[in-house]
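Please read the structure below before turning to the comments.
Since we're looking at a predicted model, the values are computed, not measured.
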Amino acid sequence: KWLDAHGVSLRDLKEKIDRTGKPASMAIPGAMAKLQITLKENHERAENVVGILPGADPHLRDQRVVIGAHYDHLGFGHFGALDRQAEGKVHPGADDNASGTAVLLELARRMTKLPVKPDRTIVFAAFSGEELGLYGSRHYIESSNSPSAIKAMINLDMVGRLRENRLTVFGARSGEDLSDLVNRNARRLGLEITDSNDVGRSDHMSFYSKKIPVLHFFTGTHGDYHRATDTWDKLNFEGMAKISDLVLVTALEIANRTEPIRFVSLPSRPPETAGS
């Protein structure tokens, strides 16, 4: 009521902050308030789900390539949702990020059936807590006994809306020759790559911060992002299969190289439209 009397709607400010992810601070001349605040931390347990395909080469099997996707979303939309009118409704998160989780599982299925296994070990990681702040992926890398053994990380986040065979890849320049590798494989599969100069923002950032080359595959934002309308019937399943093909050949090429990809530092500013 006090804010309303000064022409400021607390509800509108809350919606603006939720929508933009930025502060909405302002000065109110002559206003003074005294507040006493008590903060209480709530701790909840979450789980990463990890599968391991051991490498075939005795000299390289101790090195790892991680393929990851976060499987958490927004639940009932109380945190992070962009449509406050839908708060309390189930937010399915079909694109963000059931699409990435589905492709991750498909890649694990396909790789385990290969007649010749990759030289380096492949780790398939379904992360939790991404939406709250990359908690799952940060825990994974921080608790790793040997993070230097991870030679590359491929992240699948929002890969369910492929349009006109165009795909954005963040972080492709975080490793020497990595961009050329991805683009060459994409052309063979009839995919057009937008190779971003930015690293992007998602679980791969937990690995990039440890100087590990990363790739984030992303089919673009849309009007259903972080809304209850992000449903399965809007996914492009054929497009997801094409992305699965691209990630498969890319991961295998990285895993079978004699020398690992060399890390390259990139600008850290996250793109406004990147992932989830």
Side-chain angles (χ1 to χ4, degrees), residues 17-18 21 38-53 64-84 86-109 121-147 149-150 152-160 170-171 199-210 212 214-218 221 224-232 235 240 247 251 270 274-276:
I17 293 169
D18 288 338
T38 301
L39 299 179
K40 178 183 178 182
E41 285 190 346
N42 292 322
H43 294 270
E44 299 289 345
R45 183 178 178 85
E47 304 286 348
N48 290 335
V49 183
V50 179
I52 299 173
L53 178 63
R64 305 191 294 276
V65 176
V66 176
I67 305 175
H70 75 88
Y71 71 90
D72 62 303
H73 191 51
L74 306 181
F76 290 96
H78 297 297
F79 173 83
L82 296 182
D83 179 10
R84 306 319 306 176
E87 188 169 338
K89 295 181 180 178
V90 171
H91 285 56
D95 187 27
D96 180 20
N97 186 35
S99 64
T101 306
V103 173
L104 176 70
L105 292 171
E106 174 65 1
L107 287 166
R109 185 192 68 82
T121 293
I122 305 292
V123 176
F124 304 96
F127 298 117
S128 184
E130 190 269 353
E131 299 290 0
L132 293 173
L134 314 184
Y135 284 105
S137 56
R138 280 197 286 128
H139 174 77
Y140 176 86
I141 194 71
E142 294 292 345
S143 62
S144 173
N145 292 330
S146 181
I150 302 174
M153 191 275 178
I154 298 174
N155 187 35
L156 299 160
D157 193 352
M158 294 180 66
V159 293
F170 294 102
V199 181
R201 61 181 186 191
S202 185
D203 283 314
H204 61 288
M205 285 298 298
S206 300
F207 295 80
Y208 176 82
S209 66
K210 299 295 184 181
I212 297 170
V214 296
L215 294 170
H216 172 201
F217 291 87
F218 176 60
T221 191
D224 300 307
Y225 173 67
H226 277 204
R227 290 177 168 83
T229 53
D230 183 9
T231 51
W232 69 268
L235 296 179
M240 291 166 62
V247 176
S276 78

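No donor-acceptor distance shorter than 3.5 angstrom exists from the side chain of Asp224 to the backbone of Arg227, with no hydrogens or angles considered. Between the side chain of Arg138 and the main chain of Met205, no donor-acceptor pair closer than 3.5 Å is present. For the pair His204 (side chain) and Val199 (backbone), a donor-acceptor distance under 3.5 Å is present.
Rounding to the nearest 0.5 Å gives a distance of 12.5 Å between NZ of Lys89 and CZ of Phe76. The structure places CG of Leu104 at 7.0 Å from CZ of Phe124, a figure rounded to the nearest 0.5 Å. To the nearest 0.5 angstrom, Phe207 atom CZ is 6.0 Å from Tyr140 atom OH. Here Asn155 contributes atom CG and Leu215 contributes atom CG; the two are 9.5 Å apart, rounded to the nearest 0.5 Å. With rounding to the nearest 0.5 angstrom, the CG atom of Asp83 is 14.5 Å from the OH atom of Tyr225. To the nearest 0.5 Å, the span separating CG on Asn97 from OH on Tyr71 amounts to 12.5 Å.
Considering every non-hydrogen atom in both Ser209 and Ser206, the closest pair reads OG-O, 2.9 Å. In terms of heavy-atom proximity, Val247 sits nearest to Leu107 at CG1-CD1, 3.4 Å. In plain terms, the two heavy atoms of Gly77 and Glu87 that are nearest each other are O-CG, 3.7 Å. Minimum heavy-atom separation, Val66 to Ala125: CG1-CB, 4.3 Å. Contact detail for Pro92 and Thr231: the closest heavy-atom pair is CG-CG2, 4.0 Å. Here the shortest heavy-atom pairing between Ser99 and Val159 reads OG-N, 3.1 Å.
Looking only at side-chain heavy atoms (C-beta outward), Val123 and Leu53 stay at 4.5 Å or farther from each other. Contact annotation: the side chain of Ile150 never approaches that of Val65 to less than 4.5 Å [non-hydrogen atoms, C-beta and beyond].
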(request) Kindly determine whether His226 and Glu131 satisfy side chain to side chain contact (heavy atoms under 4.5 Å, CB included), including the steps that lead there. (result) CA-CA 10 Å; His226 277 204; Glu131 299 290 0; 3.2 Å; yes
(request) Mind running side chain to side chain contact (heavy atoms under 4.5 Å, CB included) on Leu132 and Phe79 for me, showing each step along the way? (result) CA-CA 9 Å; Leu132 293 173; Phe79 173 83; 3.6 Å; yes
(request) Could you go through the side chain to side chain contact (heavy atoms under 4.5 Å, CB included) check for Glu130 and Ser202 one step at a time? (result) CA-CA 7 Å; Glu130 190 269 353; Ser202 185; 3.5 Å; yes
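Exactly one residue among Asp203, Thr101, Asp96 makes a side-chain contact (heavy atoms from CB on, under 4.5 Å) with Asp157. That residue is Asp96.
In this model, a donor atom of one side chain and an acceptor atom of the other lie less than 3.5 Å apart for Arg64 and Ser144. Of the N and O atoms on the side chains of Ser128 and Asn48, not one donor lies less than 3.5 Å from an acceptor on the other residue.
Glu47 meets the side chain to side chain donor-acceptor pair (under 3.5 Å) test with Arg45; sequence neighbours excluded. Under the rule for a side chain to side chain donor-acceptor pair (under 3.5 Å), the partners of Glu142 that lie at least two apart in sequence or sit in another chain are Lys210.
In this structure, Phe127 has its ring center no closer than 6.0 Å to that of His70.
Using a 30° and 60° split on the angle between ring planes, His91 and His73 fall in the tilted class, from 30° to 60°.
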